[in-house]
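Contents: one structure, followed by commentary.
Order of the sequence lines sets the chain letters (A, B, ...), proteins ahead of strands, with each chain counted from 1. Side-chain atoms are counted along with the backbone in the values below, which use heavy atoms only and exclude waters and symmetry mates.
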2 protein chains.
Amino acid sequence: MKLLFVEDEPILVEEMNSYFSSQGFVCEQAISFSQAAQKIHNYRYDIVILDITLPDGTGMELISGIREKDIETGILILSAKNSLNDKIDSLNLGADDYLTKPFYIEELSARVNALYRRKILKGSQNIHFDAFTIEPFSKKLSYKKQEIGLTRKEFEMLMYFLVNKERVVSKSAIAEHLWGDHFDQQDNFDTVYVHMKNLRKKLSSASGKDYIRTVYGMGYKFSC
Amino acid sequence: MKLLFVEDEPILVEEMNSYFSSQGFVCEQAISFSQAAQKIHNYRYDIVILDITLPDGTGMELISGIREKDIETGILILSAKNSLNDKIDSLNLGADDYLTKPFYIEELSARVNALYRRKILKGSQNIHFDAFTIEPFSKKLSYKKQEIGLTRKEFEMLMYFLVNKERVVSKSAIAEHLWGDHFDQQDNFDTVYVHMKNLRKKLSSASGKDYIRTVYGMGYKFSC
DNA sequence: CTAATTCTAAAGAATTTCTAAAGATTTAGA
DNA sequence: TCTAAATCTTTAGAAATTCTTTAGAATTAG
């Protein structure tokens with residue numbers, strides 16, 4: 001469970017960091033909207049805690065930016081001024097909760113945990129890597145909210161890679177997983193090659209990155 | 001499970017020593033950064049407990065030194081001053097946990113054990129020798145975080161040596177292990193020689209050390 | 001029946017593995 | 001101690017294997 005703090009007061013950041021780290025959250029921080037935007041662009045966070053009063057621009061844009069990329073990220077707004085307008089605007093844009101400074105860390109924690117529980121309940125057994133989201137139930141892959149059509153074989157192949165992330169999987173293991181008994185050892189791997197190529201192409205042309213590496217003579221390895 | 005205490009207060013060292021020894025940890029100590037650096041260079045520790053306020057230099061360098069060598073070593077920082085900066089810096093550099101002096105030995109123990117559990121969970125079925133790490137599932141060899149590409153035959157040969165560390169293995173044993181039935185006694189060992197040479201070269205050009213000694217007329221012996 | 005998916009086949013690119021030969025080192029025996 | 005034989009190292013390139021890509025045929029699903 002990954003948190004991002006967007007906040008420029010180091011002491012507050014540190015306090016949140018240590019508090020949530022000790023609760024088992026993985027924490028990162030950004031001290032400006034631009035830095036936050038960059039981090040959000042490159043990674044995926046489960047909950048973003050966002051001080052909208054930062055000096056370098058409007059936090060509202062950041063909120064819509066997050067929502068554009070990924071509907072599942074929880075957004076919790078911090079605000080120094082108890083402004084009704086900010087509150088309404090940010091909730092309208094898609095924030096999930098709102099807290100006014102100053103606050104007790106325990107209250108923030110309660111709200112973050114509430115968000116966290118909601119996310120778990122909502123059945124977010126979705127799988128994420130970088131900015132990709134996989135919805136196993138509907139067999140859908142998307143990159144930053146944009147759906148990428150995968151065929152069934154491609155989807156199964158990707159799932160198998162994700163289960164075996166960072167491990168080398170042999171072609172026969174892949175074949176066995178995709179075709180079961182129907183796959184003969186005598187068969188050649190031509191069709192594996194073809195699906196591999198197509199899956200690679202779809203992943204890389206969406207993200208610009210390569211995820212599946214060939215380990216010559218041994219198999220393939222998925223990393224992210 | 002091997003611990004290293006980097007600490008210059010003899011009483012504290014003695015206390016930690018007896019406490020963790022009785023828990024089954026193997027303990028060593030260094031009373032300065034330079035001594036610690038030397039020990040870390042020569043051995044591999046599972047967890048390093050590091051007082052960053054030692055007088056002879058910056059502990060930050062030591063942290064990055066450890067991380068450069070081996071990503072899996074746990075690092076726990078002790079600090080006399082409750083300095084926020086030290087904490088942030090050291091955590092940023094790759095320390096795993098932080099504890100402020102003075103502390104109860106029980107709290108340190110709890111944190112060390114937490115680190116230990118995390119390490120076990122992380123699948124430490126990885127194999128280490130000197131600063132080399134082998135990840136059998138990802139078929140990866142690395143030296144101080146840097147990956148060394150091995151071909152399949154080289155990888156299998158290295159694994160065979162590690163299983164038979166400090167023993168003399170004959171060429172026919174190696175050949176049998178690498179080629180199974182396909183290897184004929186009538187065949188010559190030319191190809192074994194070639195793979196041996198290539199493996200040796202990769203190991204030595206990464207580390208500057210030779211690990212595989214020729215035992216004339218009998219075979220080869222791997223030591224580290 | 002149509003469209004999408006899956007598979008086949010073949011060319012060629014990339015990488016590893018093997019072969020062969022020359023040179024170096026070690027051992028054993030004179 | 002010297003020499004010949006045996007064993008090992010190294011090199012370079014040939015051969016074999018493994019992988020990528022393409023295009024189109026066969027199959028399947030809607």
Give a yes or no on whether a salt bridge exists between A:Asp97 and A:Arg111, defined as a side-chain N under 4.0 angstrom from a carboxylate O.
yes

N or O in side chain of B:Thr214 less than 4.0 angstrom from D:dT9 OP1/OP2
yes

Whole-Å distance separating the CG atom of B:Leu199 from the P atom of D:dT10:
12 Å

For the pair made of CE in B:Met196 and P in D:dC8, what is the distance, rounded to whole Å?
10 Å

B:Lys197 near the nucleic acid: base, sugar-phosphate alone, or nothing, with a heavy-atom cut-off under 4.0 Å?
base

Strictly below 4.0 Å: does B:Arg200 bring a side-chain N or O up to OP1 or OP2 of D:dT9?
yes

Can you check salt bridge (Lys or Arg N to Asp or Glu O under 4.0 Å) on B:Lys139 and B:Glu147, steps first, answer last?
CA-CA 11 Å; B:Lys139 310 268 184 204; B:Glu147 185 168 349; over 6 Å; no

Taking 4.0 Å as the cut-off, does a side-chain nitrogen or oxygen of B:Lys171 come that near to OP1 or OP2 on D:dC8?
yes

Do the non-hydrogen side-chain atoms of A:Asp46 and A:Phe25 ever get within less than 4.5 Å of each other?
no

Confirm from the modelled atom types if B:Tyr193 and D:dT10 form a donor-acceptor pair under 3.5 Å, side chain to base only.
no

For atom CD1 of A:Ile212 and atom P of D:dC19, their distance in whole Å:
14 Å

Value in whole Å for how far the C1' atom of C:dT15 lies from CG of B:Leu150:
14 Å

Output the rounded distance in Å from CD (B:Glu154) to P (C:dC18).
11 Å

To the nearest Å, give me how far apart NZ (A:Lys221) and P (D:dC19) are.
15 Å

Let's see if you can work this out: which of D:dT9, D:dT22, C:dT17 has an atom nearest to the side-chain heavy atoms of B:Tyr220?
D:dT9

Got a donor-acceptor pair under 3.5 Å from the side chain of B:Tyr216 to the base of C:dT27?
no

Closest to the side chain of B:Thr191, out of C:dT16, C:dC7, C:dT19, is C:dT19

Measuring to OP1 and OP2 of C:dC18, would you say a side-chain N or O of B:His195 lies under 4.0 angstrom away?
yes

What is the distance from CZ of B:Arg213 to P of C:dT25, rounded to the nearest Å?
17 Å

Ignoring backbone atoms, test whether B:Trp179 places a side-chain nitrogen or oxygen under 4.0 Å from the OP1 or OP2 oxygen of C:dC18.
yes

Among C:dA9, C:dT6, C:dT19, which nucleotide has an atom closest to any side-chain atom of A:Asp190?
C:dA9

Between D:dT22, C:dT6, D:dT11, which nucleotide has the shortest distance from any of its atoms to the side chain of A:Val194?
D:dT22

Nearest 0.5 Å, what's the OH-SG distance between A:Tyr45 and A:Cys27?
11.0 Å

Could you state the atom-to-atom distance from CG of B:Asn198 to P of C:dT16 in whole Å?
10 Å

Look at A:Asp130 together with A:Lys209 and state whether they make a salt bridge at an N to O cut-off of under 4.0 Å.
yes

